[in-house]
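Data block below; observations after.
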Amino acid sequence: MTPDATDDATGGGGDLFAANLKGSLLAVASSAFIGVSFIVKKKGLRRAGAAGSRAGVGGYGYLLEPLWWVGMVTMLVGEIANFIAYMFAPAVLVTPLGALSIIVSAVLAHFTLNEKLQRVGVLGCVLCIVGSTVIILHAPQERTPSSVDEIWHLAIQPDFLCYAAIAVAVSLFLMIYCAPRYGQMNIMVYVGICSVIGSLTVMSIKAVGIAIKLTIEGINQAGYFQTWLFAVISVTCIVIQLIYLNKALDTFNTAVVSPIYYAMFTTLTILASAIMFKDWSGQSASKIASEICGFLTVLAGTVVLHSTREPDQTISADLYAPLPPKIYWHIQGNGDIGKQKEDDSLPCDIITVVRQDYFV
């Protein structure tokens with residue numbers, strides 16, 4: 001190898017390391033901002049819920065709550081940092097670093113929201129982080145596309161189209177059928193919607209990020225309709241994630257929502273990235289086994305967290321059901337003994353109101 005070739009190889013490796021370092025630092029900063037935003041938004045949702053309809057039951061009063069908007073701005077800063085990180089580093093490196101947001105949100109929730117994690121719940125967090133670390137260390141190398149048109153050709157391959165179709169179908173099923181019936185009782189409904197849609201969000205954001213980066217470098221990508229299509233998909237997916245993440249935060253414990261959302265989102269995003277960019281081909285058996293172990297560890301952590309979460313006080317629809325017709329209101333009057341309504345089983349010193357009544 002000639003000296004020039006050696007320099008070029010060294011320079012290429014140095015550029016790749018520098019790009020990955022920038023992406024990693026931006027991802028860490030993003031996780032810190034997003035972890036803080038979970039707490040601030042939760043406090044805003046609580047204030048809004050105290051003054052009107054809760055977000056968990058379909059209310060949108062939080063849009064008038066300033067503290068919720070502070071959390072939104074904080075999350076926006078984190079998402080911008082995350083967006084830029086995808087310009088420099090592959091998704092398999094950037095996405096799992098979201099584990100840091102779990103630590104930030106869990107610590108802040110402990111001190112500001114009085115939301116406690118049991119010791120086994122802490123073990124669940126550790127399992128999620130360890131599993132994600134294994135995935136990072138053994139994840140396949142991502143081939144970075146050089147244009148939006150190239151990403152478009154990757155996106156319309158049959159295998160990724162199949163994944164996207166399944167993701168959309170599952171999301172619609174969760175939103176239309178499961179959310180109205182089980183959303184208030186099962187944390188996996190709202191978080192599942194955010195995670196499945198989130199995997200598509202990352203793929204489209206990656207395309208938009210590359211388009212912006214190439215345009216800044218002088219290779220204009222605005223003339224491709226795919227750039228605008230990916231942008232529309234990104235915005236749509238982000239709005240859906242935002243709505244259902246608010247529902248999850250308002251209904252369930254923040255210290256549990258964050259790790260489960262992270263585990264599912266990371267798993268699905270890495271899977272979508274591997275399918276789209278064909279990174280799984282050529283992997284050795286040991287790396288594939290390590291990746292599977294990482295996935296299983298993350299899933300185990302998710303199950304542990306879900307099984308040890310504190311019971312959440314949600315509004316049950318049965319609370320407003322009418323009383324049976326044989327039940328009457330019984331009140332203590334001003335000393336007058338009321339007349340019973342043909343019910344000898346009631347004690348004689350009970351004052352009864354003969355009118356049937358319902359909770360309305």
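Keep in mind that the numbers below use all heavy atoms, side chains included, and drop hydrogens, waters and symmetry copies. Bear in mind that the values here come from a model prediction, so they are computed numbers and not experimental data.
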**Request:** Sequence neighbours left out, what passes side chain to side chain donor-acceptor pair (under 3.5 Å) with Thr267? Give chain and number order.
**Result:**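 Listed in chain order: nothing, the list is empty.
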Could you tell me the separation between the [atom1] atom of [X] and the [atom2] atom of [Y], rounded to the nearest 0.5 Å?
{"X": "Ser171", "Y": "Leu200", "atom1": "OG", "atom2": "CG", "answer": "7.0 Å"}
{"X": "Leu174", "Y": "Cys194", "atom1": "CG", "atom2": "SG", "answer": "10.5 Å"}
{"X": "Gln221", "Y": "Ile151", "atom1": "CD", "atom2": "CD1", "answer": "8.5 Å"}
{"X": "Ile84", "Y": "Lys213", "atom1": "CD1", "atom2": "NZ", "answer": "12.0 Å"}
{"X": "Lys42", "Y": "Ser37", "atom1": "NZ", "atom2": "OG", "answer": "13.0 Å"}
{"X": "Ile176", "Y": "Arg181", "atom1": "CD1", "atom2": "CZ", "answer": "10.5 Å"}

**Message:** With a 6.0 Å cut-off (strictly less than), is the heavy-atom count around CZ of Phe33, excluding the residue itself, greater than 12?
**Reply:**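 No - once you tally the heavy atoms of other residues, nucleotides and ligands closer than 6.0 Å, there are 12 at most.
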Check for me, please, whether [X] and [Y] land in the same ILVMFWY cluster - side-chain distances under 4.5 Å, paths through other members count.
{"X": "Tyr224", "Y": "Val235", "value": "no"}
{"X": "Ile80", "Y": "Val73", "value": "no"}
{"X": "Val148", "Y": "Val232", "value": "no"}
{"X": "Val170", "Y": "Ile187", "value": "yes"}
{"X": "Ile238", "Y": "Ile197", "value": "yes"}

**Asked** How would you list, by chain and number, every residue that makes a salt bridge (charged side-chain N to carboxylate O under 4.0 Å, His left out) with Lys41, sequence neighbours excluded?
**Response** none
**Asked** Can any side-chain N or O of Thr269 pair as donor or acceptor with the backbone N or O of Thr266 at less than 3.5 Å?
**Response**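 Not a single qualifying donor-acceptor pair exists.
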**Request:** Would you check if the side chain of Thr74 reaches a backbone N or O of Val70 as a donor-acceptor pair within less than 3.5 Å?
**Result:** yes
Are [X] and [Y] close enough that some pair of their side-chain heavy atoms sits under 4.5 Å apart?
{"X": "Ile240", "Y": "Ile193", "answer": "yes"}
{"X": "Phe160", "Y": "Met203", "answer": "yes"}
{"X": "Phe252", "Y": "Val191", "answer": "no"}
{"X": "Phe225", "Y": "Phe230", "answer": "no"}
{"X": "Met72", "Y": "Leu76", "answer": "no"}
{"X": "Val208", "Y": "Thr227", "answer": "no"}
{"X": "Leu26", "Y": "Asn82", "answer": "no"}
{"X": "Leu296", "Y": "Cys293", "answer": "no"}

**Prompt:** Would Leu229 and Trp152 count as a side chain to side chain contact (heavy atoms under 4.5 Å, CB included) if you check the C-alpha gap in whole Å, the side-chain angles of each, and the deciding distance to 0.1 Å?
**Reply:** CA-CA 10 Å; Leu229 179 59; Trp152 174 256; 3.3 Å; yes
**Asked** Is there a side chain to side chain contact (heavy atoms under 4.5 Å, CB included) between Met188 and Met264 once you walk through the steps?
**Response** CA-CA 10 Å; Met188 304 303 288; Met264 293 183 64; 3.4 Å; yes
**Item:** Mutual orientation of the aromatic rings belonging to Phe38 and Tyr261 [parallel < 30°, tilted 30-60°, perpendicular > 60°]
**Value:**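 Rings of Phe38 and Tyr261: perpendicular, as their planes differ by over 60°.
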On a heavy-atom basis, which atom in [X] and which in [Y] lie closest, and how many Å separate them?
{"X": "Trp228", "Y": "Ala222", "value": "NE1-O, 2.9 Å"}
{"X": "Phe265", "Y": "Ser199", "value": "CE1-N, 4.1 Å"}
{"X": "His153", "Y": "Gln157", "value": "O-CG, 3.3 Å"}

**Item:** Check against side chain to side chain contact (heavy atoms under 4.5 Å, CB included), Phe83 and Ser30
**Value:** CA-CA 9 Å; Phe83 176 79; Ser30 170; over 6 Å; no
**Item:** Any side-chain donor near an acceptor of the partner, Ser204 and Ser234, under 3.5 Å
**Value:**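 Ser234 and Ser204 do have a side-chain donor-acceptor pair below 3.5 Å.
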**Request:** Assess the side chains of Gln241 and Thr201: does a donor N or O sit below 3.5 Å from an acceptor N or O?
**Result:** yes
**Request:** Among Leu242, Ile243, Leu249, find the residue that satisfies the side chain to side chain contact (heavy atoms under 4.5 Å, CB included) test when tested with Leu245.
**Result:** Leu249
